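Accompanying notes for the structure given below.
By convention in this document, chain letters (A, B, ...) are assigned in the order of the sequence lines, proteins followed by strands, and residues within each chain are numbered from 1. These numbers come from a predicted model, not from an experiment.
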Amino acid sequence: MGKTALGELYRALLKEHGPQGWWPLLGVRGTNPTKTGSLRGYHPGDFTYPRNAGQRFEICVGAILTQNTAWPNVEKALLRLKAVKALSAAALLGLPEKELAAHIRPAGYFNQKAKKLKVFAHFFQGLPGRTPTRDELLSLWGIGPETADSILLYAYRVPTFVVDAYTRRVLLSAGMTRETRYDALKALFERSLPRDAALYQEFHALLVEHGKGSEDYGRSRR
DNA sequence: TTCCAGGCAATAC
DNA sequence: GTATTGCATGGA
C-alpha cells in the first residue's frame, strides 16, 4: 500500500470500523457489523460482487437513487421495484414513467429519478457484456461524476475512486487537504494508492461510515 | 419543528 | 468559470 498519508488513513479507518462490504445488494446474506444504516445486503471482505447482470443493474439503480438521499430510503424503493419485478432494464423500461415514479417515491426526487432510471436503463440495454466508459456515463442525463464513478467501481470493478460529501469532509477535517474539486480529489487518491478496485471500494465505504459516525464535522453548506 | 442525507441539472452572475 | 436554486422523502 505504501506509507502515504492516505495509506495511513485507510489503515486507521479499517482498524476502527472493520470491513464494510459495499455495495449493498438485496438478497445477499452478509451482515453489516457497523451501527449506521440498514443491516441488509452488505458482504464484508467479499469483493466478488456483482455476480450476474441482475446484481449489476441493481447497483446502478441504487447509485442513481441514492443521490443526496439516505440509504434506508433507497432500500425501500429498491424493495418495491423488486416486489413488482421491475428491477431489470427491460422491465423498468416497460413501466410508464408515472408508475415508476410512484414505486420509487420513498427515495425522494421521484420524478427526476424516474427519468434518470429510464435514461440509464436504455443505455444499459445497449451495452451487453461491455463495460461503459466514464465519458459515456457522464454524457447521460442524470449521471454526474460521483454516480458515474460509483457505477464503474462497484458495478464493474473498474479501479476509479469515488469522491463524495463524506470524502471531502473527512479529508478536510483531518487537515489533509483544502481541495474540494471533484477531479482533483479523485486524482489525489488515485496517485497515492495502488490501482485496486477492492481497495477503492473499501476505502470509499470506510470514508462514508466514518463521516456518518462523527457528528462534529463542520457541515459545509451545499 | 427544523435539519439533513452516499447529487445533479438548470440558471444566474 | 463559480454561486445558487429546485428537486422530495423519511428519520433524527
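Rounded to an integer number of Å, the gap from CG of Asp164(A) to P of dC4(B) is 17 Å. As a whole-Å value, the separation of Leu65(A) CG from dA5(B) P is 18 Å. For Gln112(A) and dT9(C), the CD to P distance is 12 Å, given to the nearest whole Å. With rounding to whole Å, Gln67(A) atom CD is found 18 Å from dG10(C) atom P. We find that CG of Leu117(A) is positioned 14 Å from C1' of dG7(B), with the value rounded to whole Å.
Within the 3.5 Å criterion, the main-chain N or O of Arg51(A) finds a donor-acceptor partner in the side chain of Gln55(A).
Put simply, Trp141(A) has a side-chain N or O that comes within less than 4.0 Å of OP1 or OP2 on dA10(B). At the phosphate of dA8(C), OP1 or OP2 sits under 4.0 Å from a side-chain N or O atom of Asn111(A). At dA5(B), one or more side-chain N or O atoms of Arg169(A) fall inside 4.0 Å of OP1 or OP2 (strictly under the cut-off).
At a threshold of 4.0 angstrom between heavy atoms, the contacts of Ala165(A) are confined to the sugar-phosphate backbone, with no base atom among them.
Nearest to the side chain of Pro106(A), among dA5(B), dC8(B), dT9(C), sits dT9(C).
Closest-nucleotide positions on DNA chain C for Lys76(A) and Thr69(A) were compared, and the one nearer the 5' end corresponds to Thr69(A). Nearer to the 5' terminus of DNA chain B, by closest-nucleotide assignment, is the contact made by Ala63(A) (compared with the other of Ala63(A) and Leu138(A)).
Around the CZ atom of Arg130(A), the shell of radius 6.0 Å holds more than 12 heavy atoms that belong to other residues, nucleotides or ligands.
Ion pair Lys212(A)/Glu209(A) not flagged as a salt bridge, since none of the NZ, NE, NH1 or NH2 atoms sits closer than 4.0 Å to an Asp/Glu carboxylate oxygen.
Judged purely by distance below 3.5 Å, without hydrogens or angles, the side chains of His204(A) and Asp149(A) never pair a donor atom with an acceptor atom.
Using atom C1' as the reference point in both dG10(C) and dA9(B), the two lie 24 Å apart (nearest Å).
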